[in-house]
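Values reported hereafter were calculated over all heavy atoms of this structure, with side chains retained and with hydrogens, waters and symmetry mates removed. Convention: sequence-line order gives letters A, B, ...; per-chain numbering from 1.
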2 protein chains.
Amino acid sequence: MSDSWYTVRLRKNNLRVTNERQLVLSVLDRNHQRHLTVEEIYLQAHDEKPSIGMATVYRAVNLFVQHGILHKFEFGDGKARYEMVPGPEEPGHHHHLICKKCQKILNYDDFMEVERKFLEIVESGLERRYHFRIDDHIIHFYGCCETCADEGS
Amino acid sequence: MSDSWYTVRLRKNNLRVTNERQLVLSVLDRNHQRHLTVEEIYLQAHDEKPSIGMATVYRAVNLFVQHGILHKFEFGDGKARYEMVPGPEEPGHHHHLICKKCQKILNYDDFMEVERKFLEIVESGLERRYHFRIDDHIIHFYGCCETCADEGS
DNA sequence: TTTGCTGCAAATACTTTGCAGCGTT
DNA sequence: AACGCTGCAAAGTATTTGCAGCAAA
């Protein structure tokens, strides 16, 4: 049955597809593109299965990051955040605008054609120049959101 | 006297230019482009002034980040890293290649013309679309360095 | 002199780990 | 049955904070 791409990937690596791991993934899946902290994941999972422990959530997200199922982000507020990697050929790719004042995070997925062209040039250039195989990237913009700008300063 | 751009910026905000703060800045300045951890900064500062405390270093870097004198980076290993913002119209702008296996970090400053053109389009587009004033960005590439690739996957 | 800064130590916050029992394969 | 996974509690790091004394303005 349940043979989503991530389930398959887990089994392929001799990792067990437990209830807890599926629960963590389902929480992240339903919060698509919302970069949750471990605590937020834990709270939602706990609603559905009160016996689940925090440590299990930590272990699960670390495992998923290692296997390319989750992205890990650190926006500068001390807590790591996690988000599902879009499945093969799903759209879903996006980047972040972070407000330095209120820490609000906006997703955007505009300008992807421009970005793709830019990344193509830079990545292939870097791979050649530094003999470094690139398989992921992060692009963050920091600044000040509309609300915070209105509130003066 | 000592009226570097950051000194000026501190005074302008009614902040004191103390020995300790100058020491922290001089450590970062001499380690130009080396993204130091707080502990590394502390150790070097401690060599010059053994009485300095860790907490002072933490308070200093946080202050400097808030005032745009330092960049804060989190590459995913749990420790924050700091690096001087290049002074007005200095070159010095660069980005990072991070090896997921050995955590080595490479700086690069190639492809800046391509990047400038890309950022111009995206930033102005984002500012217009989301009413978000952008004043900083981070671009990281993650992958696998030459040494780690040779050691077999 | 005023007010902010420093060092110390204690307190927080986030994340990892040891271990005995349980659940997948 | 084997072995990996889980929950709990304890441990480990990184970072922040309270406070009395010190120093820049």
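- The two residues B:W5 and B:I69 have their closest heavy-atom pair at CH2-CA, 4.0 Å.
- The nearest whole Å value for the distance from the CZ atom in A:R21 to the P atom in C:dG23 is 15 Å.
- For the residue pair A:Y130 and B:D110, a side-chain donor N or O sits within less than 3.5 Å of a side-chain acceptor on the partner.
- Look at CZ on B:F73: it is 19 Å from C1' on D:dA14, rounded to the nearest Å.
- As rounded to whole Å, 13 Å separates atom C1' of C:dG23 from atom CD of A:Q22.
- In this entry the distance linking CD1 of A:I52 with P of C:dC22 reads 18 Å, nearest Å.
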Side-chain atoms of residues 79-87 of chain B: list all donor-acceptor pairs with protein atoms under 3.5 Å, sequence neighbours left out, distances to 0.1 Å.
| from | atom 1 | to | atom 2 | distance (Å) |
| --- | --- | --- | --- | --- |
| B:R81 | NH1 | B:H35 | O | 3.4 |
| B:R81 | NH2 | B:D77 | OD2 | 3.1 |
| B:E83 | OE1 | B:H35 | ND1 | 3.4 |
| B:E83 | OE2 | B:H94 | NE2 | 2.7 |

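- In this structure, A:L10 atom CG and C:dG23 atom P are separated by 20 Å, rounded to whole Å.
- For B:F141 and B:H95, the ring centers are positioned 6.0 Å apart or more.
- Regarding A:N14, its CG atom lies at a distance of 9 Å from the P atom of D:dG4, rounded to whole Å.
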Base versus backbone protein contacts along nucleotides 15-25 of chain D [heavy-atom cut-off under 4.0 Å; B, S, -]: BBBB----BBS
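- Side-chain contact annotation: B:E40 with B:N31, donor-acceptor N/O pair under 3.5 Å absent.
- Using a 4.0 Å heavy-atom cutoff across all strands shown, B:T37 reaches no nucleic acid atom at all.
- Put simply, CD on B:E20 is 11 Å from P on C:dC8, counting in whole angstrom units.
- The aromatic ring centroids of B:H137 and A:H96 lie 6.0 Å or more from each other.
- Atom CG in A:N13 sits roughly 16 Å away from atom C1' in C:dT25 (whole-Å rounding).
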